Amino acid sequence: MNFKKILTTNLVLMGIITSPIMSFANGESLPDVYSTETKMIDTRPIPYKSTIREPLKDFVPTLKAAPVNTSNIICKNSIASGTYALAKSSSTVKEDYIYAKVRVYNGAGSLNKSKASSENKSSYTSATVNPDCYLGNAKAYGNHTYKLNGYKDIYHETVGRW
């Protein structure tokens with residue numbers, strides 16, 4: 001009797017432990033932060049992210065420190081500066097390619113405005129929009145891309161609210 005109870009408990013625990021692995025292996029859902037051989041992706045719904053760059057598999061870095069990529073989105077609604085959403089992408093080194101895009105969705109989930117900006121051989125870019133919608137439940141999303149020869153590409157998505 002005791003043996004059956006222990007066996008059942010172990011089977012239930014194994015199911016709980018392996019179910020996240022199984023769902024990821026089946027492609028049902030991806031984690032919010034993951035890395036492949038060529039890229040690092042972070043889609044956690046937060047307004048600020050910073051990632052230390054990893055070199056590609058056979059690349060020997062010549063930089064003294066690994067590049068750090070920082071992405072953020074700022075949502076402001078004030079009398080002095082007006083209403084805006086700003087997506088900023090910055091790096092501690094000049095990137096081969098750096099990109100920022102901001103998208104504002106109204107409370108019903110419809111796209112209100114968007115704007116993108118990219119630079120080559122730069123360490124900073126940003127994009128700003130001035131929404132013309134009611135800001136109750138409105139959200140702003142920032143998409144950020146960093147590419148540097150010899151390192152994994154970085155993709156961030158940031159989320160902000162008013």
Side-chain angles (χ1 to χ4, degrees), residues 19-56 59 61 63-162:
S19 64
I21 295 168
M22 296 299 220
S23 65
F24 179 67
N26 291 334
E28 293 175 9
S29 64
L30 293 172
D32 291 338
V33 180
Y34 64 96
S35 180
T36 68
E37 286 189 27
T38 60
K39 59 188 170 184
M40 300 169 70
I41 299 172
D42 184 344
T43 60
R44 292 171 295 155
I46 57 177
Y48 178 87
K49 297 177 182 179
S50 193
T51 302
I52 298 172
R53 201 62 155 298
E54 292 179 7
L56 293 172
F59 179 73
L63 300 171
K64 291 182 180 177
V68 178
N69 302 120
T70 303
S71 306
N72 65 330
I73 190 154
I74 299 167
C75 299
K76 290 286 185 181
N77 186 14
S78 71
I79 294 170
S81 60
T83 302
Y84 65 90
L86 167 66
K88 297 191 302 184
S89 300
S90 62
S91 179
T92 55
V93 299
K94 283 188 178 182
E95 298 285 332
D96 294 334
Y97 174 81
I98 189 168
Y99 171 85
K101 180 178 182 178
V102 60
R103 297 172 288 134
V104 175
Y105 291 87
N106 64 22
S110 298
L111 180 65
N112 178 259
K113 285 192 176 178
S114 69
K115 186 176 181 181
S117 174
S118 64
E119 300 287 336
N120 293 314
K121 304 297 180 190
S122 179
S123 61
Y124 178 83
T125 194
S126 66
T128 305
V129 295
N130 302 96
D132 54 6
C133 64
Y134 171 66
L135 295 176
N137 294 328
K139 285 184 187 178
Y141 291 84
N143 298 100
H144 314 266
T145 303
Y146 306 86
K147 295 185 178 194
L148 183 61
N149 187 34
Y151 289 88
K152 292 183 178 183
D153 295 342
I154 302 292
Y155 299 94
H156 287 161
E157 183 174 78
T158 52
V159 181
R161 292 188 165 102
W162 279 269

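For clarity, every value in this text was computed on a predicted model and none was experimentally measured. Nothing fancy with the numbering, it's 1 onward along the sequence. Just the heavy atoms: all of them, side chains too, but no hydrogens, waters or symmetry mates, feed the values below.
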Tell me whether Glu95 is salt-bridged to Arg53, with the criterion being a basic N under 4.0 Å from an acidic carboxylate O.
yes
Heavy-atom nearest pair, Leu148 first then Pro67, reads CD2-CG, 3.8 Å
Heavy-atom pair with the smallest gap, counting every atom of Ser71 and His156
OG-ND1, 2.6 Å
Scan side-chain atoms only and decide if Arg161 and Asn137 contain a donor-acceptor pair under the 3.5 Å cut-off.
no
For residues Tyr124 and Glu119, report the shortest heavy-atom separation together with the two atoms involved.
O-CG, 3.8 Å
How far apart are the closest heavy atoms of Ile73 and Tyr141, and which atoms are they?
CD1-C, 3.5 Å
Under 3.5 Å, side chain of Asn130 to main-chain N/O of Thr83, donor-acceptor pair present?
yes
Minimal heavy-atom distance between Val104 and Pro131, with the atoms involved, is CG1-CB, 3.8 Å
Given 3.5 Å as the limit, does a donor-acceptor pair link the side chain of Ser91 with the main chain of Lys94, or not?
no
Would you say Asn69 and Thr51 are linked by a side-chain donor-acceptor pair, where the criterion is simply a distance under 3.5 Å?
no
When you measure from the side chain of Thr92 to the backbone N and O of Val68, does any donor-acceptor pair fall under 3.5 Å?
yes
Considering all heavy atoms, the nearest Asp42-Arg44 contact:
OD2-NH2, 2.5 Å
Working for salt bridge (charged side-chain N to carboxylate O under 4.0 Å, His left out), residues Glu157 and Lys101:
CA-CA 9 Å; Glu157 183 174 78; Lys101 180 178 182 178; over 6 Å; no
Do the charged groups of Asp96 and Lys147 touch, with an N to O distance under 4.0 Å?
no
Quick check: does any side chain N or O of Trp162 sit under 3.5 Å from a backbone N or O of Ala138, one acting as donor and the other as acceptor?
no
